[in-house]
Amino acid sequence: MNSVSEQYAYVKQWGPGVIGYIFALWMSGLSAGQMTFYLKAFVNDRRSTKAAVVLVFVLDMFHTYCTSVVFWQLLINCRRNPSHQCLILPWEISASIFLTSTISVIVQCFYAYRVWIISDKNWKLAGSVLVTALAQYGLGIATAVTTVQSRSPAVFFTCPFEIPYAAASAICDVMISGSCLFYLRPGRAGVKRSSNHIQHLVVVSVQMAVFTSLIAILWLLLYSIQGTRSWAGFPSAILCKSNVNSMLAVLDARKSIRNELKENVPNLPTIPMTVISHLATEL
C-alpha cells in the first residue's frame, strides 16, 4: 500500500470519533460548571475528597487537550499531506486512552465506596466492583501501550484489547448502576414514591452510573457487532466526560439531599439510618 492510499484508508473511520469529540467538548464545559459549583458549595469537604475531585478534573482537561490535538493533526494538518509524519498516530491518542482508563478507574472506585455505603457494608459487592474497575484499567493500559508502540491506524482500529476493555468497563458500570437502583428503590424501603427524599436518592443513583453504563454498553456493542466497529469511536470519545460529570453531579447533589434530611427523614427498615446519614454527608 502506497503512502497516499495508506493515509486515506482509515479517514472515514475517524468520523464517528469526531462526532463524539463535539459532544465531549460540550460535556467538558458542563463539567467545568459543575466543578465551579462544587468548589463554592463544599469548601469544607475533606482534603482527600477535594484532591480526588481536582485530580479528576485536571486529568479530564488534559484529555480534552489530547483529543483536540489528535483531530487537529489528523484532519487539519495532515489533510492531503502524504508525509511520513502524517502516516503515524500522534502520541496524544495513546495519552487519551491512558487518561480515559485512569479517570474511569478513579470514578469507579469512588462509586465502589458509595455502593459499600448503601449496601450496608457489603464487602463482596463493593469488592466485585473494585476488582472489575481494576481489570478495565489494566486492559486500558494495555490498549494504550499497544497503540503507542505501533502508532499505526491499522493496529489502533484492530487492537485485541479493545473488546475486553469495553466489556470490563460496561460490566463495572452496570454493577454500579444496578446496585444503586436495587438498594435505593422506594419499594425496597417500604416508602411511597411521593417521598421527595427517596426520589432524590434515586435521581442521584441515575446520575451516578446509568447514563455512563449505557454509553459503555453501546461502546461494547459497536465493537462487537460486525461492520460497526468504527462507530465505537463515538461512545469512546464521551465515556471519559460522562464519568467526570457523573461524579461531580453526585457530589453536588448532596446539597439538596441534606436539605431533605433536615426536613424529614423517614423510617427505612432495610436501609439503616446510619446509612442515610452517611449518604448525606459522604456521598
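Counting all heavy atoms, side chain and backbone alike, T100 lies closest to C240 at OG1-CB, 3.9 Å. Across all non-hydrogen atoms, the minimal contact from W91 to R151 is N-NH2, 3.5 Å. Taking both residues in full, the closest heavy atoms of T49 and L251 are given as CG2-CD2, 4.4 Å, listed atom of the first, atom of the second, then distance. For the pair Y38 and D252, the tightest heavy-atom approach, listed with the atom from each and the gap, is CB-OD1, 3.3 Å. I238 and A24 get closest at one heavy-atom pair: CG2-N, 3.9 Å. The nearest pair of heavy atoms linking G17 to A237 is O-CB, 4.1 Å.
Taking the six-membered ring where tryptophan is involved, the planes of F71 and Y21 are tilted, since the angle between them lies from 30° to 60°.
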(message) Could you walk me through whether S104 and N243 satisfy the side-chain hydrogen bond (donor to acceptor under 3.5 Å, both in side chains) test, starting with their C-alpha distance in whole Å, then the side-chain angles of each, then the deciding distance to 0.1 Å, before giving a yes or no?
(response) CA-CA 6 Å; S104 294; N243 273 311; 3.1 Å; yes

(message) Checking Q73 against E92 for the side-chain hydrogen bond (donor to acceptor under 3.5 Å, both in side chains) test, could you report, in this order, the C-alpha distance in whole Å, the side-chain angles of both residues, the deciding distance, and whether it holds?
(response) CA-CA 10 Å; Q73 175 73 9; E92 286 87 356; over 6 Å; no

(message) Set out, in order, the CA-CA distance, both residues' side-chain angles and the distance that settles ring-ring contact (aromatic ring centres under 6.0 Å, His included) for W116 and Y113, then state yes or no.
(response) CA-CA 5 Å; W116 179 70; Y113 176 62; 5.7 Å; yes

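In terms of modelled atom types and a separation under 3.5 Å, the side chain of S94 and the main chain of V148 share a donor-acceptor contact. When atom types are taken as modelled, the side chain of Y111 and the backbone of M247 share a donor-acceptor pair closer than 3.5 angstrom. Within the 3.5 Å criterion, the main-chain N or O of F42 finds no donor-acceptor partner in the side chain of K50. A donor-acceptor contact shorter than 3.5 Å is absent between the side chain of S169 and the backbone of Y165.
For Y137, there are no ring-ring contact (aromatic ring centres under 6.0 Å, His included) partners at least two apart in sequence or on another chain.
No more than 12 heavy-atom neighbours from other residues, nucleotides or ligands sit within 6.0 angstrom of OH on Y65.
When hydrophobic residues (I, L, V, M, F, W, Y) are linked wherever their side-chain heavy atoms come within less than 4.5 Å, the members clustered with W72 are I76.
In this structure, OG in S236 is found 9.5 Å from CG in L222, a value given to the nearest 0.5 Å.
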